[in-house]
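The first residue of the sequence shown is numbered 1, and numbering continues consecutively from there. Computed from a predicted model, the values in this text were never measured in an experiment. In each ligand, atom 1 is the first atom listed, and ligand 1 is the first ligand listed.
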Amino acid sequence: MKKLLFLALLFAVAACHTKQVNDANKLENTIFPEDTIAFTPPKNIILMIGDGMGLTQITAGMYANGNKLNLEQFKFIGLHKSYASNDLVTDSAAGATAFSCGVKTYNGAIGVDKDVKRIRTILEEAEFTGMATGLVVTSSITHATPASFYAHQKDRSMMEEIAADMMAVDVDFFVGGGLKYFIRRKDERNLLSELANKGYVISNFIDQEFNDISIDFNKKFGYFTANEEPLPKSQGRDYFVQASQTAVTYLSSQQQKGFFLMIEGAQIDWGGHANDSDYIISEMIEFDEAIGAVLEFAKQDGETLVIVTADHETGGFAINPGSTIDSIIPAFTTDKHTAALIPVFAFGPGAELFTGIYENTAIHRKMRKALGFIKT
Ligand code: MG
Ligand code: ZN
């Protein structure tokens with residue numbers, strides 16, 4: 001009996017080993033679609049993430065906006081599979097880490113793989129190669145989506161640790177909430193002083209409105225829009241479109257090897273969690289305005305690849321029978337995220353790389369390919 005068990009175990013180990021070898025071979029022999037497509041390399045990438053923005057969120061925003069969105073100007077469209085390593089339904093941490101690091105990881109992971117190993121992010125790689133970098137978000141700057149581009153922590157809830165990780169990178173331009181994680185900390189560090197020592201000009205919502213600031217383009221710039229999370233658009237938040245525009249102007253004026261900018265419309269997701277279609281729609285329309293501002297730059301510039309996508313859908317949002325263009329009848333299946341395929345819109349040089357259906361991690365590889373980080 002013991003011998004039998006041993007044999008069974010041995011067989012199981014061997015089978016497991018064979019599977020791993022097969023997986024490795026499969027990866028080695030994989031032909032990536034982006035390796036077979038001719039394209040003009042862009043100088044800059046602007047990645048725009050509408051958190052929780054599934055097709056219905058886009059549709060509802062479009063109808064509410066007079067049946068029109070700036071998103072309609074994108075010619076190259078794909079779909080990504082959003083699942084996490086440990087759950088078919090991803091959260092925003094694993095979802096953003098797939099984009100920033102190119103790995104499927106567990107829900108809650110910030111810039112680490114499923115074994116909690118740090119993975120260099122595309123923002124860090126861009127900075128390393130001499131590009132300027134930026135982040136503009138409508139959440140705290142330490143929230144899961146932006147955090148996944150500069151921080152490496154085992155869980156998204158570690159806001160103070162995530163803020164401290166900001167000291168290890170040099171994001172040239174950032175705008176978002178979360179001031180308190182920088183100044184009222186358990187370790188009593190004052191990260192605002194540390195940023196100032198690193199050459200930043202830092203301002204916040206208490207001292208001046210974002211839209212009133214004149215920015216010194218020769219210094220690194222950071223602005224905190226809230227102590228914790230910024231208000232919804234409908235309650236008076238009004239910096240997002242202008243900050244996106246200013247980020248592009250600032251970053252393109254830096255004499256560096258191009259720039260990488262991540263812009264997040266964070267609260268489309270929060271409208272989904274609240275099962276509040278008006279919340280979703282107002283956030284969606286503002287995100288689309290930011291897209292419009294970015295496209296205007298990209299068209300003139302001609303060297304900028306703009307990618308718009310979401311990490312996942314939120315709410316199982318549907319537009320039910322009886323709806324009209326002027327007034328939709330919304331329905332929701334959940335107040336959590338769902339696992340539907342997620343659209344990817346691309347514009348500018350390298351946009352061809354983003355058609356098709358692929359894993360969320362492929363977006364990372366396609367961006368690296370576009371920027372020439374992968375030589376093949
Ligand atoms: Mg987010
Ligand atoms: Zn969410």
Side-chain angles (χ1 to χ4, degrees), residues 47-58 80 82-84 86-101 105-111 121-123 134-151 153 155-159 162-163 165-166 171 174-178 181 225-226 228-233 237 239-240 243-244 261-277 279-280 282-284 286-287 290-291 307-317 332-340 342 344 360 363:
L47 174 63
M48 303 186 72
I49 302 174
D51 199 312
M53 184 187 72
L55 275 178
T56 313
Q57 284 76 3
I58 295 170
H80 79 69
S82 66
Y83 62 89
N86 66 337
D87 198 327
L88 194 68
V89 177
T90 190
D91 82 331
S92 298
T97 299
F99 302 153
S100 65
C101 298
T105 189
Y106 60 92
N107 283 345
I110 300 289
T121 74
I122 188 146
L123 185 145
L135 295 168
V136 174
V137 299
T138 58
S139 64
S140 56
I141 199 75
T142 49
H143 214 265
T145 309
S148 298
F149 285 82
Y150 65 83
Q153 295 295 339
D155 193 82
R156 59 185 290 168
S157 64
M158 300 161 73
M159 293 293 216
I162 289 168
D165 277 356
M166 195 94 181
V171 179
F174 70 86
V175 177
Y181 307 113
T225 61
E228 292 176 60
E229 299 307 331
L231 292 171
K233 168 72 181 160
R237 186 191 71 234
Y239 67 83
F240 185 46
S244 301
L261 168 64
M262 196 286 287
I263 296 175
E264 187 204 12
Q267 299 195 27
I268 302 167
D269 174 64
W270 305 356
H273 285 295
N275 285 5
D276 180 339
S277 60
Y279 192 175
I280 292 172
S282 53
E283 295 295 327
M284 181 65 223
E286 191 198 33
F287 185 56
I291 292 169
I307 305 151
V308 183
T309 189
D311 44 3
H312 53 73
E313 195 275 344
T314 306
F317 185 26
F332 295 90
T333 62
T334 178
D335 60 4
K336 300 189 173 70
H337 303 163
T338 68
I342 294 297
V344 183
N360 55 359
I363 292 173

_side chain to side chain contact (heavy atoms under 4.5 Å, CB included) assessment of H143 paired with R156_ = CA-CA 7 Å; H143 214 265; R156 59 185 290 168; 3.7 Å; yes

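- Within the protein, the number of N, O or S atoms lying under 2.8 Å from the Mg ion (ligand 1) is 3.
- Summarising the geometry, atom CE belonging to M53 is positioned 12.0 Å from atom CG belonging to D269; distances are rounded to the nearest 0.5 Å.
- Screening S100, P146, S148 for a side-chain contact (heavy atoms from CB on, under 4.5 Å) involving M262 leaves a single residue, P146.
- Here N360 contributes atom CG and I342 contributes atom CD1; the two are 9.5 Å apart, rounded to the nearest 0.5 Å.
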*Test side-chain hydrogen bond (donor to acceptor under 3.5 Å, both in side chains) applied to S139 and E229, step by step*: CA-CA 5 Å; S139 64; E229 299 307 331; 4.6 Å; no

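- Electrostatic pairing of E283 and R237 counts as a salt bridge here, judged by a charged N lying under 4.0 Å from a carboxylate O.
- D51 and Q267 share no side-chain donor-acceptor pair at under 3.5 Å.
- Protein atoms of type N/O/S that fall under 2.8 Å from the Zn ion (ligand 2) number 4 in this view.
- Between the side chains of H80 and S82, no donor-acceptor pair of N or O atoms lies under 3.5 Å.
- Note on ring orientation: taking the six-membered ring where Trp is involved, the planes of F332 and F317 are parallel (angle under 30°, cut-offs 30° and 60°).
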